[in-house]
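For reference, the structure discussed in these notes is given below.
Here is the naming used below: chain letters follow the sequence lines, and residue numbers restart at 1 for every chain.
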Amino acid sequence: MSKLNPRQREAVHYIGGPLLVLAGAGSGKTSVITRKIAYLVEQCEIPARHIAAVTFTNKAAREMKERVGQLLQGRDSRGLTVSTFHNLGLNIIRREHRTLGFKPGFSIFDDQDSKALLRDLLLHNDEDAEQVQTVQHQISTWKNDMIEPEQALAVANGPLEILCARAYEAYNRHLRAYNAVDFDDLILVPVRLFGSHPEVLERWQGRIRYLLVDEYQDTNLSQYRLVRQLVGYRGALTVVGDDDQSIYAWRGARPENLAQLQQDFPSLKVVKLEQNYRSTSRILKAANTLIANNPHVFEKTLWSEMGSGDPLRVLHTRNEDAECDRIATEILDRHLRERIPFRDFAVLYRGNHQSRMLEMKLQSYQVPYKISGGTSFFARAEIKDLMCYLKVLVNRDDDNAFLRIINLPRREIGPTTLQKLGEYASARQASLFDACAEIGLEQVLPAAAIDRLRRFCHMIESLYQRCVQGDPIAAIRELIDEIGYEEWIRQNSASEATAEKRIQNVWFLVDSLRATLERLQEDNPEAGIEEAIARLILIDLMNRQEEEDDSDRVQLMTLHASKGLEFPHVYLMGMEEELLPHRNSIESDTIEEERRLAYVGITRAKRTLTMTLAKKRRQFGEEVECAPSRFLDELPAEDIEREGLGDVSPEQNRAKGRATLSGLRGLLDDL
DNA sequence: TGACGCTGAGTTTTT
DNA sequence: CTCAGCGTCA
């Protein structure tokens with residue numbers, strides 16, 4: 001992809017003012033962003049350190065960085081910022097922590113941490129902790145909408161919202177006390193800082209002289225504000241996005257931010273990328289006609305030069321068993337007959353639960369597959385444990401992390417001791433860690449308990465000393481040995497094999513920490529273990545592990561997870577009312593986002609697309625009749641082959657899959 | 001601490 | 001139906 005098409009070139013070369021690039025699926029938007037960065041550095045002579053590109057995921061940032069590095073080949077890319085919104089926010093908070101009143105080495109609360117904190121707070125107020133999830137979600141929504149606790153309380157409607165608003169206030173107060181921020185704060189705190197300290201904002205505006213934003217349709221209100229603040233009125237901005245691929249409104253994304261740009265910048269230039277380099281024209285035609293049913297601010301029609309390709313197929317099956325069986329046998333068949341590698345197939349679905357039956361079928365036919373999604377690296381218990389040790393190491397006020405590891409491995413410190421300690425600490429306005437050292441504690445706890453607590457604190461303290469004075473990575477390795485963590489994992493694992501895997505994860509984390517620290521020190525020799533740990537909290541190591549594992553497997557994932565990816569052969573299962581337009585979306589009348597979800601699924605396919613649906617489905621124990629998805633009626637009938645409807649009975653249809661399978665035996669014998 | 005049984009929910013998910 | 005989360009009991 002060394003040649004840019006005229007539209008792409010226009011998007012790369014236009015630097016006269018704010019630019020919106022409407023990049024259809026598969027139109028080479030990453031090329032445009034990376035080429036534009038290179039262009040800015042080489043042709044416009046903007047030093048790389050004054051350019052920032054912002055993405056949503058670590059993976060996207062990493063890929064972009066790599067591609068820019070290739071383009072600039074040794075030329076000066078030093079100081080270039082390519083990061084996620086959250087990472088950028090983290091950097092801003094770190095640099096400005098003094099102004100913000102944070103102690104250095106603050107903690108970042110992830111989803112589970114904040115849930116735990118909320119549960120605590122709700123229980124304290126005698127509220128039932130049933131609705132932690134709801135409360136957490138509401139607080140996150142408020143934060144993304146930039147609503148402060150007081151405002152929330154003022155606007156709150158009904159007892160539930162009042163409860164949420166109160167919890168919000170307490171939650172924020174406690175975060176402060178822990179010297180911690182949550183994920184939403186990583187954006188929100190910088191925005192507030194810039195709002196109240198123009199001189200700080202000016203400094204950052206001077207540093208970021210050109211800003212590029214990817215996936216702009218996914219920005220929420222606070223991210224949008226951050227972009228606008230950083231850009232100021234200079235308008236040195238390129239945003240890339242696609243309103244038709246906005247599928248995250250349910251978590252605060254505001255696709256209308258795309259249209260909003262025209263009001264913010266009357267001089268906005270719009271470039272549409274409509275040539276698709278991925279799919280056959282039949283697939284694109286289907287995508288175009290489907291999405292034409294949504295209202296649009298910017299019209300766009302994808303086209304390609306990849307030839308018309310095979311018709312799309314819609315397979316009607318008797319039930320979900322037949323549906324999954326058909327997909328599994330057909331993939332196996334095409335793999336053997338047409339020599340298509342397994343990795344060229346993807347099966348996409350709306351909800352994670354849909355993968356279960358399919359997995360069983362794939363296993364029974366011995367088709368190798370890989371599921372993306374599921375528990376991420378950082379959600380694994382052993383990684384959380386170790387991360388909490390690291391968190392306490394850099395921020396002893398992080399009571400949450402403290403509580404997780406104080407008795408792990410077992411140190412004979414039970415709930416009663418911790419409760420007493422907690423009461424003492426909160427009366428003294430001290431963190432749990434600091435409270436352990438206080439003389440007054442001897443009034444409330446037996447000497448033996450205090451001794452055990454202090455032994456723990458002392459261990460952390462001496463570890464910290466070793467980190468600062470000597471080799472921090474070596475010190476952390478020693479710590480893991482010292483606490484007998486490997487032993488503990490072995491005792492608490494179901495099998496020897498899983499224990500080994502978990503131990504490997506632990507050492508992998510330590511090694512990642514080492515690598516992160518080294519990388520940070522390249523830019524800034526002053527960087528210490530604190531920075532590396534904070535950075536690590538944000539890095540999704542899972543992705544890196546996955547990259548290494550590029551074995552030949554069928555890919556299974558949700559439609560959401562498939563965004564940005566492409567596969568030669570795509571199966572889109574569960575094309576039914578209540579499933580693809582999901583039931584909740586039908587009820588809440590948010591069909592348009594569901595349609596975009598279907599659009600995303602269709603546009604993942606390069607060569608063939610097969611959609612499947614079942615007539616009946618077991619749901620919550622009972623059999624339910626399923627209606628075909630309305631989206632099927634919105635596809636061009638002339639490009640679609642239907643199977644299992646009318647001319648072929650469901651039984652014959654099922655037999656069809658089987659027949660090919662038995663034919664495979666012969667093929668196998670030939671090999 | 002660990003095993004068992006009850007209850008209730010049951011989209012999508014990144015940072 | 002299936003699984004997580006919780007509480008109870010030995």
Check: Between A/Asn144 (CG) and B/dT14 (C1'), how many Å, whole number?
Finding: 11 Å

Item checked: Nearest heavy-atom neighbours spanning A/Val82 and A/Ala61 -> CG1-O, 3.5 Å

Could you run down the sub-3.5 Å N/O contacts of the protein with nucleotides 9-11 of chain B?
unit_1: B/dT11; atom_1: O4'; unit_2: A/His582; atom_2: NE2; d: 3.2

Margin query: Among C/dC3, B/dT15, B/dT13, which nucleotide has an atom closest to any side-chain atom of A/Arg251?
Written below: B/dT13

Margin query: How about CZ on A/Arg176, more than 12 heavy atoms from neighbouring residues, nucleotides or ligands closer than 6.0 Å, or not?
Written below: yes

Next item on the list: Figure out the CG/P separation between A/Leu579 and B/dT12, and round it to whole Å.
Entry: 11 Å

Next item on the list: For the pair A/Asp218 and A/Arg251, find out whether any cationic side-chain nitrogen is under 4.0 Å from an anionic carboxylate oxygen.
Entry: no

Next item on the list: Starting at atom CD of A/Gln245, determine the distance to atom C1' of B/dT14, rounded to an integer number of angstrom.
Entry: 17 Å

Note to self: Can you measure A/Glu320 atom CD to C/dC1 atom C1' for me and round it to whole angstrom units?
What the structure shows: 10 Å

Checklist line | Whole-angstrom distance between B/dT12 and C/dG5, as gauged at atom P | finding: 15 Å

Next item on the list: Can you measure from CE (A/Met557) to CG (A/Leu348) and round to the nearest 0.5 angstrom?
Entry: 6.5 Å

Notebook entry, point to check: Is the A/Phe85 ring parallel, tilted or perpendicular to the A/Phe56 ring (thresholds 30°, 60°)?
Noted result: tilted

Item checked: For atom OH of A/Tyr248 and atom P of B/dT15, their distance in whole Å -> 10 Å

Check: From B/dT15, B/dT13, C/dT2, pick the nucleotide closest to the side chain of A/Arg356?
Finding: C/dT2

Item checked: Nearest-angstrom distance from the residue atom CG of A/Asn220 to P of B/dT13 -> 18 Å

Next item on the list: Please report, rounded to the nearest Å, how far the C1' atom of C/dT2 is from the CE atom of A/Met360.
Entry: 13 Å

Next item on the list: May I have the distance from A/Asp321 (atom CG) to C/dC1 (atom P), rounded to whole angstrom?
Entry: 16 Å

Notebook entry, point to check: Can A/Asp244 and A/Arg595 be counted as an ion pair, charged N to O under 4.0 angstrom?
Noted result: no

Notebook entry, point to check: What residues, two or more places apart in sequence or in another chain, satisfy ring-ring contact (aromatic ring centres under 6.0 Å, His included) together with A/His560?
Noted result: A/Tyr248, A/Trp250

Notebook entry, point to check: Can you tell me if the side-chain N/O atoms of A/Thr84 get under 4.0 Å from OP1 or OP2 in B/dT14?
Noted result: no

